[in-house]
Amino acid sequence: MNKIKSILRDCASARSLFFLTIVVICLPNVALCFTERMGIAACVANVLLPVGVVWLLMTLNRCPGKMAWALFLLVFFAAFQLVLLYLFGHSIIAVDMFLNLVTTNPGEALELLDNLIPAVAFVVVVYVPVLVLAVVSVRRKDRLPRSFMSFQRRIAAVVAAAGVVSLGVSYAASRDYRAELHLYPVNVFYNLGLAVERTADTNAYAETSAGFTFNAKATHAAADREVYVLVIGETARACSFGLYGYGRDTTPLTGKAEGLVAFTKAVTQSNTTHKSVPMLMSAVSAENFDSIYYEKSVITAFKEAGFHTVFISNQRRNHSFIDFFGEEADEWTFIKERNPEAAALGDEALLPEVRRVLAEGRKKELIVLHTYGSHFNYRERYPRGSARFLPDDATEAKPKNRPSLVNAYDNTIRFTDSLLRSIMAELDKTGAVSALVYTSDHGENIFDDSRRLFLHASPVPSYYELHVPFLVWTSAAYRRTYPQFEAALAANRTKLVATSDAVFHTMLDLSGISTPMRDDSRSVASGRYTPRRLVYLNDHNRAVPLGKMLRSEKDFEMFKKKGIILSSN
């Protein structure tokens, strides 16, 4: 007991707190040298320069407790960074990570935190005691000797100077090296600035897009009743769909649906919901993403063409472009907010809403559905009675739980299959010229290989997050009226498709809506469809060739297995 007390006294001493604060703040700098692709000079700079600067900052006040709290933001970033490395195994805190903090609803955040217990426990054990000791230091009015501070200042200056030299060597060794991208925590502050800038641009959207118009017009016969449905899935990956060759029959209903075309090589341009869904709902893609601040969505294009429009979401509002675009509709509903009891419901709550809209019997109708799909926690996304694959009760994010997690995930896909087939049946009942387009915003990692990746939204995506289902269904009445589309869809079925680029143009093409912004070479329903290179919208909103974005050979192997050859050019 006396020995423990002695250790605690030593840790609580002013000098120990001085050095302990430097160590815990700079832990990520060491870790990132092993997780990121950096040359030797860059690694040295990534350690020496930040350590030297933090060391110097600690000498600004003789009370180390005051400085530890003065550097709280660095402490917070360090803890955040280590949790991120635990979750994804690489990458610095991205712009999208900051944006996810303000666009993820509390329920989803708590579900994720419940499954990051080891990482959270680690940062609590490492960082909370330092902050507590800092409070003790302040209350004790600790003061380090001036001679100690002067000596430490000289050492810190030498370390920082060596870091500056290493930084210069890094710039000379690689023309791609930039401190704001590769030097922690400079890159984190840079990303935080970009996140603040994007948030301000998003908040100004109502003003910047006010004068936008598609100049859209309808070209189909006015007398025909037409209903078009866009279903935006959540976290569904193509490799778990039975109709794409998965070993389990997770799509027993859509797989047999007459008039259905499944595109086998569809890839999303983002693994984050707040980017991918707006791209699916608009003419914006990875190559012109900044246009999102000035343009409106496919809903407005349909409205201009005389369609009644409805947006129904089974997710909560999060003050993102998903909300802005959805609220362009004549009618919009966020089910979980309208009815508190619906919070526990899965996507089955969408079907009565669809029936209600169809019962109105309008001549021209667009329905956009945003599902909860296969978002973690998987076992909460489908009725218990519909579970086919068992056991499905594991909720902890551990590799050993993969069989149960996969069972639950596959049950979500099977439930999505049932929902889609039910919507098709409702459309068939109307006898209208109708079509349904379904795709997912992104996929999901479920401890699929030795990397042990889980969930999605990693700054560097994997195959499992990118290869998504893309289905187009047309009713019998549609196929009779417009037989040329059936042939075009079938012809394009095995071609490369960037869903973020194709959905908008496909929806307009199928519905016969003419606008200068429609590009039939991007519509999979057109005989003019032309596959484009696959790109990814990176954290800084730049379109990067997908082959250059990926890091692991495992991802290239999986894409090749699916017949998708990637280029880094």
Student: Among Phe214, Phe325, Phe307, which residue satisfies the ring pair (Phe, Tyr, Trp, His ring centres under 6.0 Å) criterion with Phe302?
Tutor: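 Exactly one pass, corresponding to Phe307.
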Student: Using atom types as modelled and distance alone, determine if a side-chain donor or acceptor of Arg452 lies under 3.5 Å from a backbone N or O of Pro399.
Tutor: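 Judged by distance alone, no pair lies under 3.5 Å.
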Student: Any side-chain heavy atom of Pro459 within less than 4.5 Å of one from Met97?
Tutor: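 Yes; the side chains approach each other to less than 4.5 Å.
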Student: Hey, does the side chain of Thr250 reach the backbone of Ser240 with a donor-acceptor pair shorter than 3.5 angstrom?
Tutor: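 Yes; at least one donor-acceptor contact below 3.5 Å.
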Student: Can we say Arg317 and Glu337 salt-bridge, meaning some charged N sits less than 4.0 Å from an Asp/Glu carboxylate O?
Tutor: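 Judged by the 4.0 Å cut-off on N to carboxylate O distance, Arg317 and Glu337 do form a salt bridge.
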Student: For residues Ser450 and Lys554, is any side-chain donor paired with an opposing acceptor at under 3.5 Å?
Tutor: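 Distance-only check passes for Ser450 and Lys554.
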Student: When you compare the side chains of Asp176 and Ser174, does any donor N or O come within less than 3.5 Å of an acceptor on the partner?
Tutor: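 Result is no, nothing qualifies.
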Student: Short question: side chain of Asn538, backbone of Met549 - any donor-acceptor pair under 3.5 Å?
Tutor: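 Here the side-chain-to-backbone pair does not exist.
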Student: Quick one: closest heavy-atom pair of Tyr536 and Ser458, and the distance?
Tutor: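 In this case the closest contact between Tyr536 and Ser458 is OH-O, 4.4 Å.
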Student: Do side-chain atoms of Ser440 reach the backbone of Thr235 as a donor and acceptor pair under 3.5 angstrom?
Tutor: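 A pair under 3.5 Å: yes.
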Student: I would like to know whether Leu99 and Asp96 meet side chain to side chain contact (heavy atoms under 4.5 Å, CB included); could you show each step before the answer?
Tutor: CA-CA 5 Å; Leu99 294 176; Asp96 288 333; 4.0 Å; yes
Student: Could you check Leu427 against Trp473 for side chain to side chain contact (heavy atoms under 4.5 Å, CB included), going step by step and ending with a plain yes or no?
Tutor: CA-CA 11 Å; Leu427 292 172; Trp473 171 85; 3.6 Å; yes
Student: Where do Gln269 and Lys275 land on the side chain to side chain contact (heavy atoms under 4.5 Å, CB included) test, with the steps shown first?
Tutor: CA-CA 9 Å; Gln269 293 182 335; Lys275 284 182 176 179; over 6 Å; no
Student: Step through it carefully: locate the ring centre of His456, locate the ring centre of His375, and say whether they are under 6.0 Å apart.
Tutor: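 Yes.
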Student: Using a 3.5 Å distance criterion without hydrogens, assess whether the side chain of Thr268 forms a donor-acceptor pair with backbone atoms of Asp441.
Tutor: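 Yes: the side chain of Thr268 pairs with the backbone of Asp441.
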Student: Take a 6.0 Å sphere around OH of Tyr294 and say whether it holds more than 12 heavy atoms from other residues, nucleotides or ligands.
Tutor: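 Check fails, neighbour count at 12 or below.
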Student: Do Leu471 and Leu243 have side chains that approach each other closer than 4.5 Å (heavy atoms only, starting at C-beta)?
Tutor: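 Heavy-atom side-chain distance check passes, below 4.5 Å.
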Student: Scan Thr251, Thr412, Thr254 and name whichever one has a side-chain hydrogen bond (donor to acceptor under 3.5 Å, both in side chains) with Asp417.
Tutor: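 Considering Thr251, Thr412, Thr254, a side-chain hydrogen bond (donor to acceptor under 3.5 Å, both in side chains) with Asp417 is found only for Thr254.
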Student: We want to know whether Ser282 and Glu295 form a side-chain donor-acceptor pair, criterion being a heavy-atom distance below 3.5 angstrom.
Tutor: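 Per modelled atom types, Ser282 and Glu295 side chains form no pair under 3.5 Å.
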Student: Please give me the minimum heavy-atom distance between Ala236 and Val468, naming the atom from each residue.
Tutor: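 Result for this residue pair: O-CG1, 3.9 Å.
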Student: Check this for me, if you would: do Glu36 and Arg551 make a salt bridge, where the nitrogen-to-carboxylate-oxygen distance has to be below 4.0 angstrom?
Tutor: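 Judged by the 4.0 Å cut-off on N to carboxylate O distance, Glu36 and Arg551 do form a salt bridge.
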Student: Output, in order, the C-alpha distance, side-chain angles, deciding distance and verdict of side chain to side chain donor-acceptor pair (under 3.5 Å) for Tyr378 and Glu444.
Tutor: CA-CA 11 Å; Tyr378 312 134; Glu444 182 85 320; 2.7 Å; yes
Student: Evaluate Met279 against Leu537 for side chain to side chain contact (heavy atoms under 4.5 Å, CB included), listing each step before the verdict.
Tutor: CA-CA 11 Å; Met279 285 193 285; Leu537 183 66; 4.1 Å; yes
Student: Provide the closest heavy-atom pair for Leu508 versus Ala301 in the form atom of the first, atom of the second, distance.
Tutor: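 Minimum heavy-atom separation between Leu508 and Ala301: CD2-CB, 4.0 Å.
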Student: Closest approach of Cys239 and Tyr463, non-hydrogen atoms and distance?
Tutor: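 For Cys239 versus Tyr463, the nearest heavy atoms are CB-OH, 3.7 Å.
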Student: Take Asp520 and Ser526 through the test side chain to side chain donor-acceptor pair (under 3.5 Å) and record every step on the way to the result.
Tutor: CA-CA 6 Å; Asp520 287 354; Ser526 171; 4.5 Å; no
Student: Run the numbers on Glu304 and Thr213 for side chain to side chain donor-acceptor pair (under 3.5 Å), then give the verdict.
Tutor: CA-CA 8 Å; Glu304 290 181 10; Thr213 180; 3.0 Å; yes
Student: Between Phe324 and Tyr205, how do the two ring planes meet: parallel, tilted or perpendicular, split at 30° and 60°?
Tutor: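 If you compare the ring of Phe324 with that of Tyr205, the planes turn out parallel.
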Student: If we ignore hydrogens and angles and just use 3.5 Å, is the side chain of Thr474 paired with the main-chain N or O of Val472 as donor and acceptor?
Tutor: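 The answer is no, because no donor-acceptor pair under 3.5 Å joins these two groups.
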Student: So, the side chain of Gln81 versus the backbone of Ile93: is there a donor-acceptor pair under 3.5 Å, distance only?
Tutor: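 The answer is yes, because a donor-acceptor pair under 3.5 Å joins these two groups.
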Student: How about Val368 and His370: do any of their side-chain heavy atoms sit closer than 4.5 Å?
Tutor: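 No, their side chains stay 4.5 Å or more apart.
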Student: Working to the nearest 0.5 angstrom, can you tell me the gap between Ser276 OG and Met281 CE?
Tutor: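 Separation between the atoms: 11.5 Å.
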Student: Checking Asp519 now: which residues fulfil salt bridge (charged side-chain N to carboxylate O under 4.0 Å, His left out) with it, not counting sequence neighbours?
Tutor: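 With sequence neighbours excluded, Asp519 shows a salt bridge (charged side-chain N to carboxylate O under 4.0 Å, His left out) to Arg522, Arg532, given in chain and number order.
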Student: Below 4.5 Å, heavy atoms only, C-beta onward: do Asp555 and Arg451 meet side chain to side chain?
Tutor: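 Side-chain contact under 4.5 Å: yes.
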Student: In terms of the angle between their ring planes, are His467 and Tyr244 parallel, tilted or perpendicular, with boundaries placed at 30° and 60°?
Tutor: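 Correct class here is tilted.
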Student: If you define the side chain from C-beta out and look only at heavy atoms, does anything of Leu260 sit under 4.5 Å from Met424?
Tutor: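 They are in side-chain contact.
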Student: Show the nearest heavy-atom pair for residues Ala45 and Leu183, with the distance to one decimal.
Tutor: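 Looking at all heavy atoms of both residues, the shortest contact is O-CD1, 3.6 Å.
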Student: Side-chain contact, heavy-atom cut-off 4.5 Å: Tyr228 with Leu230?
Tutor: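 No, too far: nothing below the 4.5 Å cut-off.
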Student: Are more than 12 heavy atoms from other residues, nucleotides or ligands located less than 6.0 Å from atom NZ of Lys548?
Tutor: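 Not more than 12 within 6.0 Å, no.
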Student: Are Asp448 and Leu453 packed together at the side-chain level, in the sense that at least one heavy-atom pair is separated by less than 4.5 angstrom?
Tutor: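 The answer is no, as the side chains (C-beta and beyond) never meet within the 4.5 Å cut-off.
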Student: Between the side chains of Asp330 and Thr309, is a donor N or O closer than 3.5 angstrom to an acceptor N or O?
Tutor: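 Checked: Asp330/Thr309 side chains pair up, N/O donor to acceptor below 3.5 Å.
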Student: Identify whether the distance between the nearest side-chain nitrogen and carboxylate oxygen of Asp509 and Arg518 falls below 4.0 Å.
Tutor: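 The answer is yes: the pair qualifies as a salt bridge.
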Student: So, Ser170 side chain and Ala42 main chain: donor-acceptor pair closer than 3.5 Å or not?
Tutor: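 It does hold such a pair.
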Student: Do any N or O atoms from the side chain of Ser521 and from the backbone of Tyr529 form a donor-acceptor pair under 3.5 angstrom?
Tutor: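 No, the answer is negative, given that no donor and acceptor are paired below the 3.5 Å cut-off.
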Student: Mind checking the CD1-CD1 spacing from Ile367 to Ile299? Nearest 0.5 Å is all I need.
Tutor: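 Answer rounded to 0.5 Å: 11.5 Å.
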Student: Using 0.5 Å steps for rounding, measure from the CG atom of Leu510 to the NE2 atom of His505.
Tutor: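 So the gap between those two atoms works out to 13.0 Å.
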Student: List the steps and the verdict of side chain to side chain donor-acceptor pair (under 3.5 Å) for Asp410 and Tyr246.
Tutor: CA-CA 10 Å; Asp410 289 350; Tyr246 184 43; 2.6 Å; yes
Student: Does any N or O in the side chain of Ser313 come within less than 3.5 Å of the main-chain N or O of Phe334, such that one atom is a donor and the other an acceptor?
Tutor: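 No, the answer is negative, given that no donor and acceptor are paired below the 3.5 Å cut-off.
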Student: Taking the six-membered ring for Trp, are Phe77 and Tyr184 closer than 6.0 Å centroid to centroid?
Tutor: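 No - the distance between ring centres of Phe77 and Tyr184 does not fall below the 6.0 Å cut-off.
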Student: Determine whether His308 and Leu366 make a side-chain contact, defined as any pair of heavy atoms from C-beta on separated by less than 4.5 Å.
Tutor: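 Side chain of His308 against side chain of Leu366, heavy atoms only: no contact under 4.5 Å found.
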Student: Would a line drawn from the ring center of Tyr372 to the ring center of Tyr382 be shorter than 6.0 Å?
Tutor: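 Judged by ring-centre distance (under 6.0 Å), Tyr372 and Tyr382 do not meet the cut-off.
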Student: Between Phe556 and Gly547, which heavy-atom pair has the shortest distance, and what is it?
Tutor: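 Here Phe556 and Gly547 meet closest at CZ-O, 3.2 Å.
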Student: Against the six-membered ring of Tyr409, is Arg237 placed for a cation-pi contact (under 6.0 Å from the centre, within 45° of the normal)?
Tutor: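 Checked: cation-pi criterion met.
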Student: Are Tyr171 and Tyr177 close enough that their ring centres sit under 6.0 Å apart?
Tutor: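 Yes: the rings meet the under 6.0 Å criterion.
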